[in-house]
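Residue numbers count from 1 along this sequence. As the structure is a prediction and not an experimental result, all values here were calculated from the model.
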Amino acid sequence: VQLQASGGGLVQAGGSLRVSCAASGSTLSGAAMGWFRQAPGKQRELVARVSITGVTGYANSVRGRFTISRDNAKNTVYLQMNSLKPEDTAVYYCNTVIRSFPWGQGTQVTVSS
């Protein structure tokens with residue numbers, strides 16, 4: 001399985017980005033999926049999750065600003081990020097919530113103040 005994240009970039013505080021994660025080699029439809037992030041010097045953390053039935057959950061730090069979604073037909077998971085803050089700066093990755101698959105390269109999100 002390969003997980004390819006894309007859509008990151010540099011954005012000013014208050015801005016928005018949508019990152020995507022496409023899988024190849026396996027279907028995602030049977031797994032609860034999550035978006036994780038890792039900032040320099042910090043552990044990788046789960047920030048958003050979506051169940052196989054579409055139920056979502058969020059870390060307190062992003063609740064109300066981030067929205068996770070999935071398109072099983074495209075084998076892709078999305079993360080819409082609004083009202084971005086400098087503390088959201090990190091490399092963003094997707095995986096199953098139990099981290100079943102090899103990690104992809106992630107996509108860098110940088111929020112300037």
Side-chain angles (χ1 to χ4, degrees):
V1 176
Q2 288 190 330
L3 299 171
Q4 182 64 51
S6 61
L10 173 64
V11 63
Q12 288 188 333
S16 298
L17 279 175
R18 188 178 83 151
V19 293
S20 304
C21 176
S24 59
S26 181
T27 180
L28 301 181
S29 60
M33 296 298 299
W35 276 98
F36 300 76
R37 69 184 181 187
Q38 187 167 21
K42 295 188 177 181
Q43 288 189 334
R44 194 167 299 182
E45 61 172 344
L46 176 65
V47 296
R49 59 189 294 166
V50 57
S51 74
I52 58 175
T53 58
V55 177
T56 58
Y58 300 92
N60 288 338
S61 58
V62 307
R63 187 175 293 113
R65 300 186 297 120
F66 290 12
T67 303
I68 187 171
S69 60
R70 64 192 303 163
D71 185 335
N72 290 335
K74 296 183 177 180
N75 220 26
T76 300
V77 181
Y78 304 96
L79 186 68
Q80 175 69 43
M81 302 181 288
N82 298 327
S83 302
L84 282 161
K85 304 176 180 180
E87 51 263 43
D88 295 319
T89 295
V91 180
Y92 284 71
Y93 306 85
C94 76
N95 208 325
T96 68
V97 295
I98 60 172
R99 312 182 183 204
S100 305
F101 298 145
W103 292 101
Q105 291 186 334
T107 186
Q108 175 71 48
V109 172
T110 303
V111 185
S112 63
S113 57

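The environment of CZ in Arg49 is sparse: at most 12 heavy-atom neighbours from other residues, nucleotides or ligands sit within 6.0 Å. Within 6.0 Å of CD in Glu45 there are more than 12 heavy atoms belonging to other residues, nucleotides or ligands.
Taken from CZ in Arg70 to OG1 in Thr56, the straight-line distance is 11.5 Å, to the nearest 0.5 Å. In this structure, OG1 in Thr96 is found 9.0 Å from CG in Leu28, a value given to the nearest 0.5 Å. The SG atom of Cys21 sits 10.5 Å away from the CG atom of Leu79 when rounded to the nearest 0.5 Å. Going from atom OG of Ser113 over to atom CD of Gln12 covers 9.5 Å, rounded to the nearest 0.5 Å.
Tyr92 is connected to Val1 through a chain of hydrophobic side-chain contacts under 4.5 Å among Ile, Leu, Val, Met, Phe, Trp and Tyr, so both are in one cluster. In the hydrophobic cluster analysis, where Ile, Leu, Val, Met, Phe, Trp and Tyr join through side-chain heavy atoms closer than 4.5 angstrom, Val111 is grouped apart from Val91. Placement of Val11 and Val19 within a single hydrophobic cluster is found when ILVMFWY residues are connected by side-chain heavy-atom separations under 4.5 Å, directly or transitively. In the hydrophobic cluster analysis, where Ile, Leu, Val, Met, Phe, Trp and Tyr join through side-chain heavy atoms closer than 4.5 angstrom, Phe101 is grouped together with Val47.
Between Thr110 and Gln108, the side chains place a donor N or O and an acceptor N or O closer than 3.5 Å (distance only, hydrogens not considered). Defined by atom type and a distance below 3.5 Å, a donor-acceptor pair is present between the side-chain atoms of Asn82 and Ser16.
For Asp71 (side chain) and Lys74 (main-chain N/O), a donor-acceptor pair under 3.5 Å exists by modelled atom type. With hydrogens and angles disregarded, no donor-acceptor distance shorter than 3.5 Å links the side chain of Ser29 to the backbone of Thr27. No donor-acceptor pair under 3.5 Å is formed between the side chain of Asn95 and the backbone N or O of Met33. Proximity of a side-chain donor or acceptor of Arg44 to a complementary backbone N or O of Tyr93 within less than 3.5 Å is not detected.
Residue Ala90 comes nearest to Ala39 through the heavy atom pair CB-N, 3.8 Å, listed as atom of the first residue, atom of the second, then distance. Closest approach of Asp88 and Ser83 over heavy atoms only: OD2-O, 4.4 Å. Heavy atoms only, all atoms of each residue included: Leu10 and Ser112 are closest at CD1-CB, 4.3 Å. Taking all atoms of both residues into account, the shortest heavy-atom contact from Thr76 to Ser20 is CG2-CB, 4.3 Å. Residues Gly7 and Leu17 share a closest heavy-atom pair of O-CD2, 3.9 Å.
The distance between the ring centers of Phe66 and Trp35 does not fall below 6.0 angstrom.
Tested against Arg65, the residues Lys85, Gln80, Met81 include a single side chain to side chain contact (heavy atoms under 4.5 Å, CB included) partner, Lys85.
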Step by step, work out the side chain to side chain contact (heavy atoms under 4.5 Å, CB included) result for Val62 and Arg37. CA-CA 11 Å; Val62 307; Arg37 69 184 181 187; 3.9 Å; yes
Given the rule in the side chain to side chain contact (heavy atoms under 4.5 Å, CB included) test, do Thr67 and Tyr58 qualify, once you have shown the distances and angles that lead to the verdict? CA-CA 8 Å; Thr67 303; Tyr58 300 92; 3.8 Å; yes
Begin with the C-alpha distance, continue with both residues' side-chain angles, and end with the deciding distance and a verdict on side chain to side chain contact (heavy atoms under 4.5 Å, CB included) for Thr89 and Val109. CA-CA 5 Å; Thr89 295; Val109 172; 5.9 Å; no
